[in-house]
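Keep in mind that what you see is a predicted model, and the values were worked out from it rather than measured. Hydrogens, waters and symmetry mates play no part in the numbers below; they use all other heavy atoms, side chains included.
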Amino acid sequence: MPLRKRLLNLTVLSSVCFGCANATVYGPVISANFPDPDILVTPNVTYAYATNSGNINIQVATSYDNGTTWTLLDGVDALPDVGPWATVNSTWAPDVIDRGDGTFVMYYAAESPSQQTHCVGAATSTNPLGPYTPQTQPIACQTAGGGAIDPAGFQDVDGQRYIVYKVDGSSLGGGGPCGNANGEYSTPIMLQMMEEDALTPTGDPVQILDRESQDAMSSLIPQTATNTDLYDVAYATAPSVSGPYTRASSPLLETGDDNLTGPGGATPTPDGTFMVFHATVNFSPLTRYMYTATISWNDTAMSV
């Protein structure tokens, strides 16, 4: 995927974090290019989904031992049809939720020819493996800001559904490895309230975090470009989904921790005790393997 993606990803935990964690890292558990992994836990199988690779729009892997060992399902595409608004081979950062009524909802970012940016869309399936059927229109594009990427679904304790996504200001230019070295373009994280179907946005999105903001709900945030070893995972906490957010004083994972290089793209399970993430094993071509980590919580700071 293009290097500009995921400069500041947000993956929201299933409940507001009032505590923080220690994590034990395992892996790689998938020794193949499997970037920006997402995790879905079902009663018998744990699933992981990842950004496009080759002709596969959304990759899928399965685990039958609660995420200890994984099998990448070669040739399986969870999203063979990316939707009439999008083009193939540029499908990023999937996030799958169980809607609770026998339907699974996948959020993803894909290139929109009409907008000439990435937009965030949604697709549904009654089988976690797919195939997922896309909606006919995207949820958000944020065209003027550079596009919308890196979606994540969340259901608050009161049942209200949301998604968060990043506005990809880095796609507009500015130099440097991330394409936005001079900071000319904003890359805010937006919170969008959703209807009960988890597909229909309601109201206007609100900004909850930007790379220069000190207002940072619990989140895992890669902080720089994917093509450097400065890529890391940070987090922020808040008493409610709408904030205000407080950034942690240090990253959760960074280069050198557990012999990792450029860890990022982290997604936790709904209970916040386990997560998947990628780390870089080769910069040319850019190749990122999947790792896992167990998390224990202690007050309001996460650590590894």
Side-chain angles (χ1 to χ4, degrees), residues 1-3 5-6 9 11 28-42 44-64 67 69-99 102-115 117-139 147-153 163 165 198-199 226 264-265 267 276-278 281-282 285-292:
M1 115 187 40
L3 299 178
K5 75 102 36 205
R6 296 187 74 80
N9 171 64
T11 301
V29 295
I30 296 179
S31 295
N33 193 37
F34 200 80
D36 315 314
D38 172 56
I39 187 169
L40 173 71
V41 179
T42 70
N44 298 312
V45 187
T46 304
Y47 298 87
Y49 307 86
T51 282
N52 68 278
S53 181
N55 293 323
I56 304 298
N57 293 312
I58 297 295
Q59 302 182 81
V60 190
T62 54
S63 172
Y64 290 85
T69 59
W70 291 85
T71 300
L72 176 59
L73 303 184
D74 187 42
V76 174
D77 190 342
L79 190 69
D81 177 5
V82 296
W85 58 269
T87 57
V88 298
N89 300 324
S90 189
T91 314
W92 299 345
D95 186 76
V96 177
I97 65 168
D98 182 348
R99 200 168 65 181
T103 298
F104 299 90
V105 178
M106 174 186 290
Y107 303 110
Y108 61 98
E111 185 80 25
S112 167
S114 67
Q115 301 299 312
T117 64
H118 270 74
C119 298
V120 166
T124 60
S125 177
T126 57
N127 185 337
L129 288 176
Y132 285 78
T133 301
Q135 301 293 290
T136 58
Q137 296 294 326
I139 294 171
I149 61 174
D150 303 341
I163 64 167
Y165 61 86
L199 301 170
T226 61
T267 302
V276 295
F277 65 96
H278 71 237
V281 297
N282 194 351
L286 185 60
T287 306
R288 290 163 288 175
Y289 289 177
M290 190 175 92
Y291 293 74
T292 64

(message) Apply side chain to side chain contact (heavy atoms under 4.5 Å, CB included) to residues R288 and D36 and explain how you reach the verdict.
(response) CA-CA 9 Å; R288 290 163 288 175; D36 315 314; 4.1 Å; yes

(message) I'd like to know whether F34 forms a side chain to side chain contact (heavy atoms under 4.5 Å, CB included) with L72, so could you lay out the CA-CA distance, the side-chain angles of the two residues, the decisive distance to 0.1 Å, and finally the verdict.
(response) CA-CA 9 Å; F34 200 80; L72 176 59; 3.6 Å; yes

(request) Show your reasoning for whether side chain to side chain contact (heavy atoms under 4.5 Å, CB included) applies to F277 and T267. (result) CA-CA 6 Å; F277 65 96; T267 302; over 6 Å; no

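S90 has its side chain within reach of H118: a pair of non-hydrogen atoms, C-beta onward, lies under 4.5 Å apart. The shortest distance between side-chain heavy atoms of P28 and W70 does not fall below 4.5 Å. Considering only heavy atoms from C-beta on, N33 stays 4.5 Å or farther from H278 through its side chain. You'll find the side chain of L73 reaches within 4.5 Å of the side chain of L129, heavy atoms only. The side-chain heavy atoms of W92 and N52, taken from C-beta on, include a pair separated by under 4.5 Å. Proximity of Q59 to P35: side-chain heavy atoms (C-beta onward) are separated by under 4.5 Å at one or more points. Y165 has its side chain out of reach of D150: every pair of non-hydrogen atoms, C-beta onward, lies at least 4.5 Å apart.
For P285, the side-chain contact (heavy atoms from CB on, under 4.5 Å) partners are N282, T287, not counting sequence neighbours. Y132 pairs by the ring pair (Phe, Tyr, Trp, His ring centres under 6.0 Å) definition with nothing, not counting sequence neighbours.
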Can you give each donor-acceptor pair under 3.5 Å made by side-chain atoms of residues 74-86, sequence neighbours left out, with the distance rounded to 0.1 Å?
| residue | atom | partner | partner atom | Å |
| --- | --- | --- | --- | --- |
| D77 | OD1 | N57 | N | 3.4 |
| D77 | OD1 | I58 | N | 3.1 |
| D77 | OD1 | L79 | N | 2.9 |
| D77 | OD2 | N57 | N | 2.9 |
| D77 | OD2 | N57 | ND2 | 3.4 |
| D81 | OD1 | G83 | N | 2.9 |

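Here the side chain of T46 pairs no donor or acceptor atom with the backbone of V41 at under 3.5 angstrom. Without hydrogens or angle criteria, T126 side chain to G102 main chain gives no donor-acceptor distance under 3.5 Å. Formation of a donor-acceptor pair under 3.5 Å by the D95 side chain with backbone atoms of G153 is found in this model.
Scanning both residues, I30 and Y289, for their nearest heavy atoms gives O-CB, 3.3 Å. Residue N44 comes nearest to Y64 through the heavy atom pair O-CD2, 3.9 Å, listed as atom of the first residue, atom of the second, then distance. The two atoms that bring T91 and Y108 nearest to each other are CG2-CD1, 3.8 Å, heavy atoms only. Residues P128 and L40 approach most closely at CB-CD2, 4.0 Å, considering heavy atoms. Nearest heavy-atom pair, A122 versus L199, reported as atom, atom and distance to 0.1 Å: CB-CD2, 3.8 Å.
Applying the 6.0 Å contact sphere to CG of N55 captures no more than 12 heavy atoms from other residues, nucleotides or ligands.
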